[in-house]
Amino acid sequence: MIKVKDFPVILPEPKEFFWQEGILFIDPDTPIVLIRKESSSFLSILQDLQQYLARELGFKLPILSRFTYETGIILQINEGLREEEYTIKVTNQNAVLTGGSEKGLRYAAYTLVQLIMNYGRRIPGLLIKDYPYFQHRGFYHDVTRGKVPTLKMLKEIVDQISFYKYNQLQLYVEHSFLFDHFTELWADADPLTAEEILILDEYCQKKGVELVPSISTFGHLYTPLRSQSFKALSELENPDKMPFGLIERMLHHTLDVTNPKSIEFVETMLDQYMPLFSSPYFNICADETFDLGKGKSKARADEVGVGKLYVEFLNNIIAAVETRGKKVMVWGDIISKHPEYLHLIEGDVTFLNWDYKAEPTEERIQLFESSNRPFYQCSGTWGWNHLIANVDLSYNNIRHTGQLAKRYNALGMLNTDWGDCGHLNPLSSSTLGLIYGAIYSWNPEQDDHLDEINEKISFIHYRDQHRVIADWITTVSKNTYVTHGHVVRFIETGAHYQFNEEVTDEEVVKANANIATIREHLLDSLAVAKPNRNQDIHELIIMTEGTILLNELLLVIRRYVMNEEIHSINPEQLAIKIEQWLYQYMFMWRKRNKESELFRIKDI
């Protein structure tokens with residue numbers, strides 16, 4: 001056997017790869033065979049493999065179960081391997097997929113699918129040995145700041161992250177769950193229901209993904225604390241009198257920790273939400289408690305300090321969760337500002353240390369590493385506030401996050417996809433970041449350049465034989481001068497200073513010409529795209545069209561608000577184009593999401 005560097009395109013990249021003699025020819029009679037040595041059911045893995053191969057090969061393979069078998073695609077368990085470890089050995093006679101558990105076997109099946117993407121039905125002889133670096137590899141998706149996916153879409157997310165070997169999913173919820181007797185919380189949210197969560201949890205288990213509950217229990221309680229029923233629990237006086245704002249709802253509304261009814265409110269949410277999940281963990285969030293100590297709790301904060309005040313109430317939440325049989329996860333941003341109180345946090349807590357800069361700082365991660373507390377290092381897709389995610393920033397953040405997580409012995413990585421300012425961004429615009437997170441949580445030392453990884457993603461994810469779609473997305477990202485976040489801030493605060501004031505109108509026109517060319521390429525790609533990627537590409541087309549309009553909007557604002565001499569844009573024509581675009585956007589939204597807060601996007 002000769003080990004080679006240039007092996008086929010597989011995401012994430014395997015640890016070891018060797019060529020061997022032979023070629024396995026797959027035909028419609030080639031069976032998928034499970035070697036049964038125990039009673040556990042592996043049917044979901046077999047059916048997934050059968051479905052994926054049918055899509056790639058054009059024919060459906062039969063499924064068998066035997067005590068022994070010599071030919072075909074053979075799946076087996078070897079308890080001598082690590083739980084998520086797997087091997088694949090391909091010869092003239094068979095492809096033997098071996099996993100240390102159901103998880104490892106599923107990863108082997110998905111890697112075989114990617115081999116067939118490379119070679120079709122003629123797979124060359126080879127040997128793969130692979131396992132992940134991090135035990136926990138999670139994807140975190142916002143379902144509360146405007147957009148609530150349908151159950152079908154949530155299952156699509158599970159399928160996608162499972163295929164790229166994530167093993168954990170968290171959905172961010174503030175008010176977008178149908179809590180009993182809390183109608184004021186979810187009345188405008190089109191919320192997730194208990195039945196949907198139960199179905200999704202079972203689906204995740206079948207796909208080898210742990211669904212971890214995540215709800216705000218301290219800060220970020222904008223909707224509950226503005227309601228008539230619960231406004232008395234707010235740290236601030238008269239929170240319901242403040243005008244609604246998409247930015248405002250991300251900045252304020254923390255529980256009054258001096259009110260005994262605050263922890264009762266949290267416990268009521270826990271009692272309704274927690275039993276729906278099989279995961280042993282519960283993410284209480286408790287991040288960005290911006291108002292703490294500034295209102296009703298100011299006297300107590302003056303007495304003991306804001307940091308200790310935070311820890312006191314945090315311990316109450318932790319106790320409530322642990323009493324109900326779950327282990328606690330909590331975002332680490334607040335306690336990192338008060339490290340002197342870290343040792344006072346009680347219970348078995350896993351910290352989630354987020355840092356979304358291109359090069360995350362090491363000070364906070366050093367704090368958690370030196371505390372000997374378990375922690376995840378958290379990255380971001382950088383899709384929030386963008387029509388097309390900031391690809392360069394996402395790639396660099398995730399790559400450096402993986403390296404730091406390894407250097408400082410993190411328990412895992414959690415890759416976040418937020419929905420700031422109404423959640424305009426579709427998941428498809430963050431897909432590159434989603435896959436970067438899968439790659440670097442599996443192998444944090446993978447050293448591919450962005451262009452090389454994008455080529456591989458184009459080939460595997462989009463089945464693009466020219467390997468350029470991811471590069472097109474990156475080009476749109478680089479030619480974006482105005483984001484959705486800029487527009488919302490301009491509308492709600494008048495903060496036009498955040499717009500790019502250095503760019504000339506000629507540069508904007510040139511950038512839009514580049515984006516228009518990418519749009520044409522994306523339209524062409526629809527004719528040859530796999531059916532399961534058509535909707536993603538449609539969404540990317542709509543997002544590129546919207547990016548052009550936002551770039552043009554920059555020129556209008558600079559002309560009519562900042563009084564610059566710009567004559568290359570007609571505001572009336574732009575208004576018409578935006579309204580036409582909005583119609584297409586609303587149609588796109590409704591394909592994969594509930595109506596939820598689409599009306600807020602229309603208002604913008």
Side-chain angles (χ1 to χ4, degrees), residues 140 142 144-146 172-176 185 214-227 230-259 262-263 265-266 269 283-318 329-342 345 351-357 361 363-364 367 378 380 384-385 416 418-423 485 488-489 492-493 495 498:
Y140 193 93
D142 191 337
T144 209
R145 286 179 171 164
Y172 176 57
V173 169
E174 293 174 10
H175 60 280
S176 53
L185 274 65
S214 174
I215 60 172
S216 290
T217 60
F218 198 163
H220 284 302
L221 289 167
Y222 183 78
T223 299
L225 298 185
R226 282 166 53 86
S227 70
F230 301 107
K231 64 181 181 180
L233 302 182
S234 173
E235 171 73 5
L236 303 179
E237 296 286 355
N238 302 314
D240 56 322
K241 303 301 182 184
M242 302 177 184
F244 177 86
L246 292 171
I247 297 172
E248 172 73 13
R249 81 171 174 185
M250 296 190 296
L251 296 179
H252 296 293
H253 303 288
T254 300
L255 283 171
D256 170 17
V257 299
T258 64
N259 188 334
S262 289
I263 192 64
F265 170 76
V266 172
M269 290 196 296
N283 182 358
I284 62 174
C285 294
D287 57 318
E288 297 186 334
T289 51
F290 298 125
D291 297 327
L292 185 63
K294 296 179 180 179
K296 298 172 185 175
S297 68
K298 186 177 187 306
R300 177 63 178 162
D302 290 343
E303 178 184 350
V304 303
V306 172
K308 190 171 183 181
L309 188 65
Y310 173 81
V311 170
E312 286 176 349
F313 192 73
L314 186 72
N315 282 336
N316 290 337
I317 304 173
I318 292 169
M329 290 182 172
V330 60
W331 296 110
D333 55 309
I334 300 300
I335 195 59
S336 68
K337 297 175 182 177
H338 306 280
E340 67 274 19
Y341 297 118
L342 179 58
I345 295 178
F351 293 93
L352 306 173
N353 182 44
W354 59 268
D355 190 335
Y356 304 139
K357 294 188 293 294
T361 55
E363 183 178 0
R364 272 169 44 176
L367 169 67
C378 306
W384 56 91
N385 282 328
T416 61
W418 297 101
D420 295 9
C421 294
H423 207 157
V488 174
R489 282 173 174 79
E492 294 189 352
T493 70
Q498 297 195 23

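Checked by atom type, the side-chain pair Ser216/Tyr222 shows no donor-acceptor distance below 3.5 Å. Between the side chains of Thr361 and Asp355, at least one donor-acceptor pair of N or O atoms lies under 3.5 Å.
Residues Thr144 and His220 fail the side-chain proximity criterion, which asks for heavy atoms closer than 4.5 Å. Residues Met250 and Cys421 have side chains in contact (heavy-atom distance under 4.5 Å, counting atoms from C-beta outward). At a threshold of 4.5 Å between non-hydrogen side-chain atoms, the residues Arg226 and Met242 count as touching.
Residue Glu492 comes nearest to Leu246 through the heavy atom pair OE2-N, 2.8 Å, listed as atom of the first residue, atom of the second, then distance. Shortest non-hydrogen contact noted between Ala286 and Leu314 is CB-CD1, 3.7 Å. In terms of heavy atoms, Lys298 sits closest to Lys294 at CB-C, 4.5 Å. Minimum heavy-atom separation, Tyr310 to Val330: OH-CG2, 4.1 Å. Ala301 approaches Leu309 most closely through the heavy-atom pair CB-CD2, 3.9 Å. Listed here is the closest heavy atom pair of Leu342 and Phe351: CD1-CZ, 3.6 Å.
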What do the steps show when you test Ile345 against Asn315 for side chain to side chain contact (heavy atoms under 4.5 Å, CB included), and what is the final call?
CA-CA 6 Å; Ile345 295 178; Asn315 282 336; 4.1 Å; yes
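Put simply, the side chain of Tyr356 never gets that close to the backbone of Thr416: no donor and acceptor are under 3.5 Å apart. Formation of a donor-acceptor pair under 3.5 Å by the Asp291 side chain with backbone atoms of His253 is found in this model. At distances below 3.5 Å, not a single donor-acceptor pair connects side-chain atoms of Thr254 with backbone N or O atoms of Glu235. Ser297 places no side-chain N or O within donor-acceptor distance of the main-chain N or O of Val257, the cut-off being under 3.5 Å. Put simply, the side chain of Ser336 gets close to the backbone of Asp333: a donor and an acceptor are under 3.5 Å apart. A donor-acceptor contact shorter than 3.5 Å is absent between the side chain of Lys296 and the backbone of Leu233. The backbone N or O of Leu251 lies less than 3.5 Å from no partner atom in the side chain of Glu288, so there is not a single donor-acceptor pair. Of the possible polar contacts, one joining the Asp142 side chain to the Gly419 backbone as a donor-acceptor pair under 3.5 Å is found. Looking only at distances, a side-chain donor or acceptor of Ser227 sits under 3.5 Å from a matching main-chain atom of Pro224.
Annotation: Lys357, atom NZ; neighbour count of heavy atoms from other residues, nucleotides and ligands within 6.0 Å is above 12.
Glu174 and Arg145 are joined by a salt bridge, as a carboxylate oxygen and a charged side-chain nitrogen come within less than 4.0 angstrom of each other.
Exactly one residue among Trp354, Trp331, Trp384 makes a ring-ring contact (aromatic ring centres under 6.0 Å, His included) with Tyr140. That residue is Trp331. If you run ring-ring contact (aromatic ring centres under 6.0 Å, His included) between Phe265 and each of Phe313, Phe230, Phe218, only Phe230 comes through.
The NE2 atom of His423 sits 10.0 Å away from the CG atom of Asn385 when rounded to the nearest 0.5 Å. With rounding to the nearest 0.5 angstrom, the CG atom of Asp287 is 9.0 Å from the OG1 atom of Thr217. Within the model, atoms CG of Asn316 and CD1 of Ile263 stand 5.0 Å from one another, a figure rounded to the nearest 0.5 Å. In this structure, NZ in Lys231 is found 10.5 Å from CD in Glu237, a value given to the nearest 0.5 Å. Summarising the geometry, atom OG belonging to Ser234 is positioned 8.0 Å from atom CG belonging to Leu255; distances are rounded to the nearest 0.5 Å.
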